[in-house]
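Just below is one structure, and these are the notes that go with it.
Source: prediction; values computed, not measured.
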Amino acid sequence: MTICLTLSGCSPQDIVDSVEKIQGSNNAMPMGKMAMPDPADIVFKDEVQSNIEVPTGLDGLVFLDTTGKRVALKEYLGSKNVVLVFTEGFGGGMLCPFCKTQTSRLVANYDKFEKLDTEILVVYPGARDHLDEFVEAAKKTEKAAVDSVPFPLVLDEDLSAVGYFNIASNLAHPSTFIIDKSGNVRLAYVGADMSADRPSVRAMLGVLSDANGS
């Protein structure tokens, strides 16, 4: 099945515009000098619905972990619920501040996902440049710093998974897919740009609770 998804790419000006919306500022700042949003001020969406269809063949997706070991999605499908989150990688000369915040909130709330028999996989698309910086940012949560990310943080170096979902942008649109234990896609949400247009932890937990019948 071929899925067509038309979303605008994320230019440097798009990033500026998104940050200005968070800060309530009307004065664009040059890239490299603009202030990044305070993570505490970033509000993700509590109400989301699927906005794309997912092609067949999810169990064929394979990623690499941070050591270069292959991680097949089928290792998790059928045994647990799966939350598959695509970040935007390193694009436009920067790491997406919203992706870092989203990942750190998943880290901080991982125990809630575990209670719902769920594994999280966060995908970093493209080259592993700046990956260490991304991991360090993810470990600095709003609750407390942690020693390690408690779930798989995987690479899509050749962007094959990005191509599979048809979510290419500069590297990838921020995207969240929730798959239940029976392999049914409960949520397939693709954000429009580098912004807070992505599900909140609360929204994800709600979908998973419904999937578990709780």
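- Val83 is not listed as a side-chain neighbour of Phe151, based on a closest heavy-atom distance of 4.5 Å or more.
- Smallest separation of non-hydrogen atoms from Ala108 and Thr141: CB-CB, 3.7 Å.
- Here CG of Asp65 is found 10.0 Å from CG of Leu153. Values are rounded to the nearest 0.5 Å.
- Note that the CG atom of Asn81 and the CG atom of Asn212 stand 4.5 Å from one another [nearest 0.5 Å].
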- Task: Please lay out, stage by stage, how Ile52 and Asn166 fare under the test side-chain contact (heavy atoms from CB on, under 4.5 Å).
- Result: CA-CA 10 Å; Ile52 68 164; Asn166 199 10; over 6 Å; no
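- Inter-residue side-chain proximity for Asp156 and Asp158 is flagged as met; some heavy-atom pair is nearer than 4.5 Å.
- Taking SG of Cys96 as the reference point, atom CE of Met94 lies at 7.0 Å (rounded to 0.5 Å).
- Between Gly89 and Leu95, the closest heavy-atom pair is O-CD2, 3.8 Å.
- No side-chain donor from either of Tyr124 and Glu88 sits under 3.5 Å from a side-chain acceptor of the other.
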Next item on the list: Go through Leu131 and Asp129 one step at a time and tell me if the side-chain contact (heavy atoms from CB on, under 4.5 Å) criterion holds.
Entry: CA-CA 5 Å; Leu131 176 61; Asp129 298 348; over 6 Å; no
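- Contact of the Val149 side chain with the Val122 side chain is not registered, since no non-hydrogen atoms from C-beta on lie closer than 4.5 Å.
- Counting only heavy atoms from C-beta outward, the side chains of Thr176 and Val48 never approach each other to under 4.5 Å.
- Under the 4.5 Å side-chain heavy-atom criterion for grouping Ile, Leu, Val, Met, Phe, Trp and Tyr, Val62 is not connected to Leu159 through any hydrophobic cluster.
- When each of Ile120, Ile179, Val71, Leu84 is paired with Tyr76, the side chain to side chain contact (heavy atoms under 4.5 Å, CB included) condition holds for Val71 and for no other.
- Note on Tyr164: it clusters hydrophobically with Ile167, by side-chain heavy-atom contacts below 4.5 Å among ILVMFWY residues.
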**Asked** Where do Arg70 and Leu64 land on the side-chain contact (heavy atoms from CB on, under 4.5 Å) test, with the steps shown first?
**Response** CA-CA 5 Å; Arg70 287 165 57 88; Leu64 297 175; 4.0 Å; yes
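- Within the structure, every pair that satisfies the salt bridge (charged side-chain N to carboxylate O under 4.0 Å, His left out) test and touches residues 90-111, not counting sequence neighbours, is listed here: Arg105-Glu142.
- Remark: the backbone N or O of Phe44 is not paired with any side-chain donor or acceptor of Ser200 at under 3.5 angstrom.
- Here the shortest heavy-atom pairing between Val162 and Pro125 reads CG2-CB, 4.1 Å.
- Looking at Pro199 and Leu187, their side chains come closer than 4.5 Å, going by heavy atoms from C-beta outward.
- Few gaps surround NZ on Lys143; more than 12 heavy atoms of other groups in view lie less than 6.0 Å from it.
- Between the side chain of Lys139 and the backbone N or O of Asp147 there is at least one donor-acceptor pair closer than 3.5 Å.
- Side chain of Asp59 to main chain of Leu77: no donor-acceptor pair is present (N/O by atom type, distance under 3.5 Å, no hydrogens or angles).
- Salt-bridge annotation for Arg186 and Asp210: absent, with no side-chain N of the basic residue lying under 4.0 Å from a carboxylate O of the acidic one.
- Side-chain atoms of Asp197 and Ser195 include no donor-acceptor pair closer than 3.5 Å.
- The CZ atom of Arg198 sits 8.5 Å away from the CG atom of Asp193 when rounded to the nearest 0.5 Å.
- Of the possible polar contacts, none joining the Thr118 side chain to the Val82 backbone as a donor-acceptor pair under 3.5 Å is found.
- Using a 4.5 Å cut-off between side-chain heavy atoms of Ile, Leu, Val, Met, Phe, Trp and Tyr, with links allowed through other members, Val135 and Val107 fall into the same hydrophobic cluster.
- Taking all atoms of both residues into account, the shortest heavy-atom contact from Met204 to Phe113 is CB-CE2, 4.0 Å.
- Panel note: side chain Asp180, backbone Ala211; no donor-acceptor pair is recorded below 3.5 Å.
- Taking the six-membered ring where the residue is Trp, Phe165 and Phe177 present parallel rings, their angle staying beneath 30° rather than reaching 60°.
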Carefully, step by step, assess Met194 and Asn170 under the rule side-chain contact (heavy atoms from CB on, under 4.5 Å). CA-CA 10 Å; Met194 186 184 286; Asn170 190 333; over 6 Å; no
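- When side chains are defined from C-beta on, Leu208 counts as touching Ile178, because their heavy atoms get closer than 4.5 Å.
- Not a single donor-acceptor pair under 3.5 Å links the side chain of Asp46 to the backbone N or O of Ala203.
- Atom CZ of Phe63 and atom NZ of Lys69 lie 15.5 Å apart (nearest 0.5 Å).
- In this structure, the separation between CZ on Arg202 and CG on Asn109 is 13.0 Å, given to the nearest 0.5 Å.
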